[in-house]
Amino acid sequence: MDGLKGKKLLLLGGVRPACEIIREAQSMGVETFVTDYIEDSPAKKIAEHSYMVNALDVDGVAELCRKEKIDGVITGYVDMLLPYAQQICEKINRPFWGNAANIDMAINKEKFKSACEKSGVQVVPWKIANKDNYSEVLKEIVPPVVMKPVDNSGSRGVVKCYETAMLNECAQKALSYSKCGEILIEKAMDPHCEFSVYYMLNHGECYLTGMGDRYVNIADTEIAPVGQGMLFPSVHLSEWIEKMDGSVRKFFKDNEMNDGFIFVQGFYENHNYYVHEIGYRLNGGFSYKIIDYFSKYNQIKELIKFSLTGDMDKTEIQKSNPFFDGYGMIITATLKPGTICSVAGKEEIEKENGVLQFCQLHDVGEKLMSRGTTAQVFAYILCATKTKEEMQKLINLIQDKLIITGTDGSNILNPIIDPSRILFER
């Protein structure tokens, strides 16, 4: 990392997950800067420098970059900041992994679906509706369906509808979360068959780095299910490579997605893959740490290198191998609505063999009221074991030890994944 020591990296948006970007950059000897409109955002507390320039103020941030002689700009975890990061980098002539067109496609669900179909990637059956024509579109809809704003993420505004009589009300609710006044209406798929696939791209070279199966808890059938975890490698990995990898790589090429980190989400039903989401950014579950453990290279560090130099270390990315020698698990700990009064068991869990990191996203005193969105995630507990028996034992221990109490003294932690549900092999 000698060539990067002393270089200056500006992070747009100091949200809690982005603290990992700052820590990784600092470990490389990079000088870190953070800017957003929040005075005490989490990443500002650990970066060397912080500013109150709104990340959406392209000219203001560009001027800050010139003044401070910033070498690179990066963002992560938040879709809405991607277009601004790209515009800022364009103004100051610094590298960014996407261009205006493919970033817009990646964060707009309608454009993404259309681009997939053009490249031969099968998607979840869908229709589009807006605030003016949704009543007419709904006449063609047969529940069950999922409605979501085309321009939001993190499961915000996602509404499930099971009855024809409720279509109108559900559409209005989903529309209320869309700035552009459009919603996507998709066939309701089996939520227990969801997967995520992860790729790294460098100068047009594409590397499949991991694939995981998502496990959920359906606490309320009318909202998005609560995530409980992601197991690597997916039991469908070989079949994905056989049936889908080629068309996904074509999709990247068709849309000039030549650099960066991409995750693709979808459903597996009856030996078919139906894609429904993409992220042209880091994902919130810190999957890069699982990949780092098994493949021995750090994806965030490669993105930092790219942001500062316009290149990644090809010898590092070539270590990618989605067929892990063992099992990786992102255990998702979510909370019921309430205020966090105490956290017990974290220290014991962190000491266990197989626990890579306990990534806590909320502190004692915080009030969480979200349901069916990623905002209710208290922590991602990253685990890696050689055998399924070791993983099952580790999950049971986490179930026993972790207790989050609310104001009435009760445990507000949603159920941790039942290890007996996890499918380790086909």
Side-chain angles (χ1 to χ4, degrees), residues 1 4-89 91-92 94 96-97 153-154 156 261 279 281-286 288-289 298-301 303-308 339-340 343 346 357-368 370 373-380:
M1 307 296 179
L4 300 179
K5 190 172 183 178
K7 285 192 175 292
K8 298 178 178 182
L9 180 74
L10 175 66
L11 169 70
L12 299 184
V15 295
R16 184 74 172 259
C19 290
E20 295 301 317
I21 299 174
I22 296 297
R23 293 188 184 102
E24 298 289 1
Q26 290 170 336
S27 74
M28 300 163 72
V30 173
E31 190 174 355
T32 59
F33 298 69
V34 179
T35 192
D36 58 28
Y37 67 92
I38 302 172
E39 189 170 346
D40 60 346
S41 60
K44 285 182 175 179
K45 296 176 182 178
I46 62 172
E48 290 92 332
H49 311 277
S50 64
Y51 300 88
M52 286 295 291
V53 182
N54 192 319
L56 309 189
D57 179 3
V58 173
D59 291 331
V61 176
E63 181 56 33
L64 170 65
C65 291
R66 297 186 191 102
K67 178 183 176 182
E68 298 295 339
K69 296 181 172 57
I70 296 295
D71 296 296
V73 176
I74 197 168
T75 190
Y77 308 107
V78 183
D79 275 346
M80 70 167 292
L81 291 180
L82 290 173
Y84 301 97
Q86 186 274 326
Q87 292 168 39
I88 291 162
C89 288
K91 276 185 173 289
I92 64 172
R94 299 308 302 152
F96 194 71
W97 53 73
S153 61
R156 288 177 288 271
F261 176 94
R281 57 170 173 80
L282 291 165
N283 62 307
F286 305 111
Y288 84 95
K289 293 178 181 288
N298 187 302
Q299 292 176 308
I300 284 188
K301 287 183 178 179
L303 292 177
I304 290 170
K305 289 178 196 174
F306 181 84
S307 298
L308 294 170
T339 300
I340 303 170
V343 178
K346 177 183 175 182
Q357 190 169 341
F358 191 113
C359 299
Q360 186 173 328
L361 302 182
H362 298 283
D363 297 319
V364 170
E366 288 190 55
K367 186 176 183 179
L368 278 67
S370 295
T373 79
T374 54
Q376 69 185 114
V377 176
F378 169 73
Y380 294 109

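- With contacts defined as side-chain heavy-atom distances shorter than 4.5 Å, the pair Ile340/Phe378 qualifies.
- In terms of heavy-atom proximity, Glu20 sits nearest to Phe286 at CG-CE2, 3.4 Å.
- Closest approach of Leu361 and Glu366 over heavy atoms only: O-OE2, 4.4 Å.
- Here the side chain of Lys8 pairs a donor or acceptor atom with the backbone of Glu68 at under 3.5 angstrom.
- Note that OG of Ser27 is 10.0 Å distant from CD1 of Ile300, once rounded to the nearest 0.5 Å.
- In this structure, Lys7 has no salt bridge (Lys or Arg N to Asp or Glu O under 4.0 Å) partners at least two apart in sequence or on a different chain.
- For Lys346, the salt bridge (Lys or Arg N to Asp or Glu O under 4.0 Å) test picks out no residue, with sequence neighbours left out.
- Residue Ala379 comes nearest to Gln360 through the heavy atom pair CB-CA, 3.9 Å, listed as atom of the first residue, atom of the second, then distance.
- Taking each heavy atom of Ala55 and Leu12 in turn, the nearest pair found is CB-CB, 4.1 Å.
- Nearest heavy atoms, Leu308 versus Arg94: O-NH2, 2.8 Å.
- Tested against Phe96, the residues Leu82, Val73, Ile74 include a single side chain to side chain contact (heavy atoms under 4.5 Å, CB included) partner, Leu82.
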Subject >> Candidate pair Lys44 and Asp36, rule side-chain contact (heavy atoms from CB on, under 4.5 Å), full reasoning >> reply: CA-CA 9 Å; Lys44 285 182 175 179; Asp36 58 28; 2.8 Å; yes
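- Classification of the His49-Phe33 ring pair by plane angle, with boundaries at 30° and 60°, yields parallel.
- Pairing each heavy atom of Tyr77 with each of Tyr288, the nearest pair is OH-CE2, 4.5 Å.
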